Amino acid sequence: SCPEIPEGGFARPLQDYYNDPNYDIKEFYETTVTMERVYWWTPRWNLNTNISLLLDEEAPDDEQDDYLKGLLWTSFAFMLLLLVWLLLLVIFKFCGPAKVGFLSARRLRPPLPEEPTEALEKRELMYRQQERKEKQKSGAIPFQHNGMAFEGHMNKSMKKRYRKFLSTPIKAPTKLVKGTIKAPKKFVSKARKQKRKLEEQFSKTKKFSRMNSGEFEVETDDTEGGGDGGDQSTTLTSINSPSTRQQQTQQQQQPGNMEDEESEREEGDGEEEVVLMTQEDQRLLAQFEIDLKEYIRICEERNARLRRLRVTVAFCAIGIVVAVVLFIVMGMTSLIPSINITETGIQELQLQAASVQEELQVLQSQQQEASNATEKFILQVNEMCPNVATSFCTNVNNATIRDCDFSSFPQLEPELDTILAYLDGTFELVLERKVLEEMEQDLETLQGLLREAEKYYPTTLNWVFWTAVGCNAVLALICLAICAAVMLLYFGHPLPQSLKCLRSFFMVPFFLFFVVLGWIFTTVFITGALGMADSCINSPDAVALALLELIEDDFVSNSVIHDFLVHYVRRCPVETAPRDLDQRIVIMTKLIVPALTEVTNAVKGLGTSLQSLCGKDMTPFMGIVTALERQLCELSESLVNVRLLLKCPDWYEVYQSIAHNGMCYYSTTGLGWAASTQLVMVVLSMIILTLRVSYYELNEVADYGSGKCTNDWCCCVEVVEDPDDDSSESESGKDDEDGDGYSSHSERSGNISNHS
């Protein structure tokens, strides 16, 4: 039996399949928020945004140029920003820290104010004298001789008078006022003996001691009677002063002059010289204190600024890590499904095209068999009834029938006229062999185009995405290292020299390399997101139709396959469906095969009367009619299979999956997120490059530009050339403790602040 034609025919409206559980076809196309943001928020310079014009060969050239300018200007504007930014960083590098500050990647300490050395020494001596006086006044330092405290051998009255002597004020520039106290003879005698003993010891050893330098002198004179029973006046002269100590040191260096100095002291009045400061000294000290406060203020300000820069760099590094995580997550949830859906859809289209191609080959084989059976049938019909007519057709050449007249054979005239009306011609009942071959060729072309599309869209996008993931992952690791380094410096932990070498030779160059790669990926993703948003903002169908029109020349002229593809993209309207195959199926199943059946039934009904009429056995004729009927039914079944393989919902479902779901919904979302996160990464990376001074140590102003090693490059070279040299350790000892570069100054400025 011949195949049945579906109710309503093969060309049915697409809405009939919306609720069909066998198909997943959406009724409406919805524009997503990401498409609208990418399309409307991206600057397009008031130029054309219709991407279909780019695919239309008949579109004006100026409109196509406008679209390309708008797309490329937007994409490469970010690359131009990178180039300008890098150029400015190079210019700032050569300008130096004196002109552009931290933008030159070098942060210098301010120069220390010039110290008034002489004035500071004078003030130091005055402070020491005053300190000594205060301690003696409070009794913290008792007057001693050879380790023996005088107060331990004094009575209460003597201690009172002795402390009164110590508390006697010193009035500059007068000399020290001698204090006199009354001391017992026993004490005076013992003191003289001890001093004489020290003098004898010094004359033997030729060494000078503090006690022999005249720490005190005892002079007595008898008053009121004298002798053992009278009172004696004892004079103690203190010469414990810096000037005296300096003289003692000189005497130690020149022992030969000791006796002369001692004699001069004995002959002198024993008074201590007081250091005086002139107005110029006071002015210099006041100016120095002002400069020192300004220096400390600048140091603290630069230290605070450097700490803020390090915090900024740390936050930027963390932001890059977060952006990388978002890039990977959104790429895995959007771009990877888009790639998989598109790749799967393209493969399904290739399988469907291959199935139609195989069925066309079967159709050609069956059509050849049906043509042979038809040829035999026509020849048999022409000579089926010699008693009635020798030949019913006047022109039978190469199985081609012309001018057939069955009026003399009324029993079968209607049926034979119907059959021969459709069998007349080349006996190619369905389509011409050339048409079938062209259909097969077009299907091969379609498969080639699908392979190219799979190569350039899913495969390329997959490669770009995973390459970007790898580069961004390395960039995130470098950012984590930078964050750790600046935090170590922020909390006062200096970097070891090995990490400094690693920072300069590997971390910074690789960071710059991956930042440049990030800008390239940003340009690629922005271009892809814009192009996809332009294609999908309203519906991708218009762009798909323009693309089919562009590749129409790749198919044969009046291609049936191309007509079907256009029909699918237009959502399968019934009025524009290709009808040639449907008509052929109807002719065979509704006209030819029933006519053959009626001929067979009529011949069977006539029986022996037909044989008597024609004078010929009709059994061979009946066999040929039955064979032709069977062949035409098989041919119709094959043709129906081809038509079912080209059924609209099967192809449109795959097209909707690729164009709507894969490319518009998932791909636009994924490319939008990829472009935005990639842009955030590269902008934050450029901020880190601009603030790269934060992970370098500060340098002395005197070292900068003097040929001395002020960066890690030359220091690493020095370490490599002479690993046993301790200079690197000494240099590292000069590094700042907290990473802000003030350790070498801290001791110096600390000493200066002590003076103030």
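On a predicted model such as this, the values are computed, not experimentally measured, just so you know. In what follows, every heavy atom counts, from backbone to side chain, and hydrogens, waters and symmetry copies are set aside.
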### Query
Distance only, no hydrogens: is a donor on one side chain within 3.5 Å (strictly under) of an acceptor on the other, for D281 and T278?
yes

### Query
Where do T342 and Y666 land on the side chain to side chain contact (heavy atoms under 4.5 Å, CB included) test, with the steps shown first?
CA-CA 10 Å; T342 306; Y666 284 103; over 6 Å; no

#### Entry: Polar side chain donor-acceptor pair, Y67 to D534, under 3.5 angstrom
yes

### Query
Between Q656 (side chain) and K26 (backbone), is there a donor-acceptor pair under 3.5 Å?
yes

### Over all atoms of both residues, closest heavy-atom pair of S685 and V515
CB-CG2, 3.4 Å

### Query
Does any N or O in the side chain of R310 come within less than 3.5 Å of the main-chain N or O of S694, such that one atom is a donor and the other an acceptor?
yes

### Message
Just by distance, no angles: are the side chains of Y39 and T49 close enough, under 3.5 Å, to form a donor-acceptor pair?
### Response
yes

### Message
I'd like to know if the side chain of S104 and the backbone of V100 have a donor-acceptor N/O pair within less than 3.5 Å.
### Response
no

### Task
Locate the shortest heavy-atom distance separating Q678 from T522; write the atom from each residue and the value.
CG-OG1, 2.9 Å

### Query
Do you know the tightest heavy-atom contact between T668 and C536?
OG1-SG, 4.3 Å

### Query
F465 and ring pair (Phe, Tyr, Trp, His ring centres under 6.0 Å): which partner among F327, F521, W673, F525?
F327

### Task
Applying salt bridge (charged side-chain N to carboxylate O under 4.0 Å, His left out), name anything that partners E294, two or more places apart in sequence or on another chain.
R297

### Query
Donor-acceptor pair, T690 side chain versus M686 backbone, under 3.5 Å?
yes

### Message
Within the 4.5 Å heavy-atom criterion, are Y655 and Y568 side-chain neighbours or not?
### Response
no

### Message
Please enumerate all residues that pass ring pair (Phe, Tyr, Trp, His ring centres under 6.0 Å) together with H562, with sequence neighbours excluded.
### Response
F555

### Query
Any sub-3.5 Å donor-acceptor pair from T527's side-chain atoms to T523's backbone N or O?
yes

